[in-house]
Amino acid sequence: METLQQVIAMILLVLGTFLSLVGVIGFIRLPDVYTRLHATGKVSVFGLVFLLLAVSILTPLTAWKGILLIFFVLLASPAVSHSIASAAYKAGVPLAGPKRDDLKSKLERGSDKDV
Amino acid sequence: MFYLSSIIALFIVYLMLTANITLPNLVLGLLVATGITLLMPKDAPMLFRIDRLPRFLWTGMQYAFVVFKDVVLGGIATARLVLDPKLPLKSGIIAIPTGSKSELGTAISAHAITLSPGELVIEMDSDGIMYTHCLDVESTAVAADEAQAKRHKLLSSLFD
């Protein structure tokens, strides 16, 4: 039982570290604000979630704390990346080589004031 | 009734976070929960009704499963894109209609979309159209409407 717990926790630790690493690599390689937010705001957050899961398994006494923290992180992180992206778009940060921009064409039509 | 259920929920969350069941901590938790409840606006919408609990739990589990599947698939796609030596990026902004009338349903849909890697809601307008930035425009544009329809079906049975 003890070893099984440790093996599962080890797998989760490796997975979490790998995802955090992918987030950092993405942050360096991707070209603009919006795509970088995908790397740091999502992939790294799931790295953190796996690390917290591993901690919850390794220290059963405070497992509830870890699970609650996962819940809060998952609840809050999309709000953070959305507000950064929205602020960047309003400040006029350009997209790197967009294939398609539905929001821009809508703003040019000017049909809706509150966007 | 709203105050009481809110105080109890916050109190349980506080106890889970501190993981310490001694009398001073219980009293402090009760005080914190009461204080936060008093700060909330009086006409805050009631998210949760006790008579709907079984359906709430069942639909909530289905919804969590749908979101979890999106998150895992999106995570794999994004990790592959980042690690690909050629970096085949096809980013862009597409419009996804929510289909939902209630503001809460729209907010939760936007949360689910932003949570899954590869999709990021940048802006919303008053018609409930979400302008979503995607890493891969072509595949997302095909899959997004179907995924949104699935989420909308589950959410509308909860909140409308």
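- If you measure heavy-atom distances from B:T132 to chain A, you find no contacts under 4.5 Å at all.
- Expressed to the nearest 0.5 Å, how far CD1 of B:I122 lies from OG of A:S81 amounts to 11.0 Å.
- Going from atom CG of B:L83 over to atom CZ of A:F18 covers 5.5 Å, rounded to the nearest 0.5 Å.
- Chain B forms the most heavy-atom pairs under 4.5 Å with one residue out of A:L69, A:L74, A:V43, and that residue is A:L74.
- In this structure, A:L13 is not a member of the same hydrophobic cluster as A:L52, with clusters built from ILVMFWY side-chain heavy atoms closer than 4.5 Å.
- Only the side chain of A:L68 has a heavy atom closer than 4.5 Å to any heavy atom of chain B.
- Taken to the nearest 0.5 Å, the OG atom of B:S91 stands 6.0 Å off from the CG atom of A:D32.
- Only the side chain of B:V71 comes within less than 4.5 Å of a heavy atom of chain A; its backbone N, CA, C and O stay farther away.
- Of the atoms belonging to A:F27, not a single heavy atom falls under 4.5 Å from chain B.
- In terms of hydrophobic clustering, with Ile, Leu, Val, Met, Phe, Trp and Tyr side chains grouped at heavy-atom distances under 4.5 Å, A:I25 and A:L51 are assigned to different clusters.
- The distance from the OG1 atom of B:T114 to the CG atom of A:L37 is 10.5 Å, given to the nearest 0.5 Å.
- Rounding to the nearest 0.5 angstrom, the gap separating the OH atom in A:Y89 from the CD1 atom in B:I93 is 4.5 Å.
- Hydrophobic clustering, with ILVMFWY side chains joined whenever heavy atoms are under 4.5 angstrom apart, groups B:V66 together with A:V49.
- Proximity to chain B (any heavy atom under 4.5 Å) is shown, for A:I67, by neither the backbone nor the side chain.
- If you tally non-hydrogen atom pairs under 4.5 Å between each of B:V121, B:L115, B:T18, B:I113 and chain A, the highest count goes to B:L115.
- B:E123 approaches A:S86 most closely through the heavy-atom pair OE1-OG, 3.6 Å.
- At least one side-chain heavy atom of B:P117 sits less than 4.5 Å from a side-chain heavy atom of A:F46.
- Separating the NE2 atom in A:H38 from the CG atom in B:L81 is a distance of 10.0 Å, to the nearest 0.5 Å.
- Neither the backbone nor the side chain of A:F71 has a heavy atom closer than 4.5 Å to any heavy atom of chain B.
- For the pair A:K65 and B:L17, the tightest heavy-atom approach, listed with the atom from each and the gap, is CE-O, 2.7 Å.
- Judged by distance alone, the side chain of A:H82 and the main-chain N or O of B:H111 form no donor-acceptor pair under 3.5 Å.
- The residue among A:V45, A:L75, A:L19 with the most heavy atom pairs within less than 4.5 Å of chain B is A:L75.
- Heavy-atom minimum distance, A:A85 versus B:L120: CB-CD2, 3.9 Å.
- Hydrophobic clustering (side-chain heavy atoms under 4.5 Å, transitive across Ile, Leu, Val, Met, Phe, Trp, Tyr) keeps A:V22 apart from A:V14.
- Both B:I8 and B:V13 are members of a single hydrophobic cluster when ILVMFWY side chains are connected at heavy-atom separations under 4.5 Å.
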